[in-house]
Number of protein chains: 2
Amino acid sequence: MKEIKKDNTENKILEAAHQVFIEKGMDGTRMQEIANTAGINKALLHYYFRTKQKLFESIFAKVFEQVFPKIESLIKSDLPIEEKLGVFIDKYIDILLKNPFIPTFILKEINRDPEFLASVIKSQGINPRQIIEMFQKEMDAGNIRKMDPRELMVNLLGLSIFPFAAKPLMKLVFFENDKKAYNRFLENRKITVKEFILNSILLK
Amino acid sequence: MKEIKKDNTENKILEAAHQVFIEKGMDGTRMQEIANTAGINKALLHYYFRTKQKLFESIFAKVFEQVFPKIESLIKSDLPIEEKLGVFIDKYIDILLKNPFIPTFILKEINRDPEFLASVIKSQGINPRQIIEMFQKEMDAGNIRKMDPRELMVNLLGLSIFPFAAKPLMKLVFFENDKKAYNRFLENRKITVKEFILNSILLK
DNA sequence: GTCTATATGGCGATAGAC
DNA sequence: GTCTATCGCCATATAGAC
């Protein structure tokens with residue numbers, strides 16, 4: 001089921017825009033740089049997408065989809081909670097490892113236009129009710145410590161995302177700017193975040 | 001020991017620049033908007049600070065100081081580790097509650113210019129060695145679970161900062177965009193983050 | 001569809017009067 | 001020190017030839 005990407009102009013633009021926007025953000029990106037990256041000229045960008053804003057929005061929605069991955073099947077599975085969390089953290093941090101610019105990009109842009117953000121969330125049918133309910137059931141069953149399930153959700157996301165979003169700073173302050181060491185650290189988060197969370201919520 | 005701020009032009013500029021930069025970031029800020037906010041004209045900005053970049057840098061350094069607060073006295077105190085952590089989390093989240101734009105601002109800008117970031121950190125004498133060593137001692141003494149102290153530091157920062165940095169998104173997804181409810185949630189983090197961390201690291 | 005050339009507007013920065 | 005006016009540039013966007 002490999003995705004077939006045609007090498008036409010529109011796709012070349014989308015790939016180039018993705019690459020530049022995600023690194024520089026909306027404000028920091030120049031249409032000229034997207035054109036150069038795509039190997040075409042500026043005018044074509046407007047021919048296909050009319051405005052920079054529209055091009056940006058089509059990229060943002062696609063990127064956003066990746067950080068709210070479809071996990072319905074995982075939620076509904078009958079794995080014990082510690083394994084569900086383990087699988088989720090594993091997959092989630094893997095996404096971030098493969099797309100290290102996403103966290104900063106998203107955090108930068110969610111403040112720019114709240115209405116647009118709301119429309120993206122709505123159109124993607126994002127609804128955390130299922131996850132919240134699952135956590136609540138586990139708490140009611142006495143499998144994990146009682147707390148506001150939303151706290152757990154925010155903690156889970158924060159522990160996963162923050163080391164990527166704050167990478168330049170954390171790398172500099174705690175790892176003497178050693179890129180490889182910090183990447184090992186990030187890779188290892190799949191294990192340590194799981195430990196940290198399970199140690200906190202599992203009743204012993 | 002109240003700080004006396006003179007109502008001269010330079011301070012008016014600094015205050016206005018702080019307000020605009022922290023909300024819009026370097027790329028998103030217009031000199032005109034700073035001038036309007038300060039109640040003066042653009043030319044004066046350049047008279048006092050020559051370039052936008054220089055004005056930005058003087059603001060960034062000052063803001064940055066707030067997120068790496070001086071905690072030497074806390075570290076050296078002979079409080080038990082759970083109280084040290086409690087005091088730190090309390091103070092840190094209080095700073096963020098009073099300056100809710102700081103997390104997004106910092107995360108936005110640390111990617112823009114790594115050399116400038118390094119110079120700020122160096123000039124402010126930021127060095128996490130003391131904290132790392134303190135954690136290490138507590139682990140060696142068997143007071144908290146053994147782990148890489150840097151993991152604990154990053155977790156501490158992530159749990160504190162992320163809910164502020166991702167506010168528009170978390171508020172929308174988990175709190176039906178209810179501003180007051182989300183602010184209560186943030187306020188309450190002083191308690192829940194402490195619980196979450198201590199439950200994870202204290203040996204039971 | 002793709003290009004070159006250009007319009008249009010906005011922004012950082014400066015000149016120069018007061 | 002503070003202002004108005006303006007320069008020079010660069011970015012988005014469009015016109016129009018091919």
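By convention in this document, chain letters (A, B, ...) are assigned in the order of the sequence lines, proteins followed by strands, and residues within each chain are numbered from 1.
Atom CG of B/Asn36 and atom C1' of D/dC3 are 15 Å apart (whole Å). Atom CG of A/Leu55 and atom C1' of D/dT12 are 12 Å apart (whole Å). Spacing between atom CD of B/Gln32 and atom C1' of D/dT6 amounts to 14 Å, rounded to whole angstrom units. With rounding to whole Å, B/Asp27 atom CG is found 13 Å from C/dC11 atom C1'. Rounded to whole Å, the distance from CG on A/Leu44 to P on C/dC3 is 5 Å. The interatomic distance linking B/Met31 (CE) with C/dA13 (C1') rounds to 8 Å, in whole Å. The distance between atom CD1 of B/Ile34 and atom P of C/dG12, rounded to the nearest whole Å, is 8 Å. Rounded to whole angstrom, the span from the CZ atom of B/Arg50 across to the P atom of C/dA15 amounts to 12 Å.
Judged by distance alone, the side chain of A/Asn11 and the main-chain N or O of A/Asp7 form no donor-acceptor pair under 3.5 Å.
B/Glu15 and B/Gln19 share no side-chain donor-acceptor pair at under 3.5 Å.
Residue-to-nucleotide proximity on DNA chain D shows that, of B/Lys42 and A/Lys42, the 5′-proximal contact is made by B/Lys42.
Set against C/dC3, D/dT2, D/dT12, the side chain of A/Arg30 has D/dT12 as its closest nucleotide. Nearest nucleotide to the side chain of B/Ala43, out of D/dA13, C/dT4, C/dT14: C/dT14. Between D/dT12, C/dA13, C/dG1, one nucleotide has an atom nearer to the side chain of A/Lys52 than all others, and that is D/dT12. Taking only side-chain atoms of A/Asn41, from C-beta outward, the nucleotide of C/dC11, C/dT4, D/dA13 with the closest atom is C/dT4. Residue B/Thr9 places its side chain closer to D/dT2 than to any other of D/dT2, C/dG12, D/dT12. With C/dT14, D/dT14, C/dT2 as the candidates, the nucleotide lying closest to the side chain of B/His46 is C/dT14.
B/Arg50 meets the side-chain contact (heavy atoms from CB on, under 4.5 Å) test with B/Lys54; sequence neighbours excluded.
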>> As a quick check of understanding, evaluate side-chain hydrogen bond (donor to acceptor under 3.5 Å, both in side chains) for A/Ser160 and A/Arg189, giving each step before the final call.
In response: CA-CA 8 Å; A/Ser160 302; A/Arg189 292 287 289 177; over 6 Å; no
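Note on B/Tyr48: only backbone sugar-phosphate atoms sit closer than 4.0 angstrom, heavy atoms only; bases stay farther off.
Between B/Thr51 and C/dG12 there is no side-chain N or O to OP1 or OP2 distance below 4.0 Å.
Remark: B/Arg112 is positioned above the aromatic ring of B/Phe56, its terminal NZ or CZ atom under 6.0 angstrom from the ring centre and at most 45 degrees off the axis.
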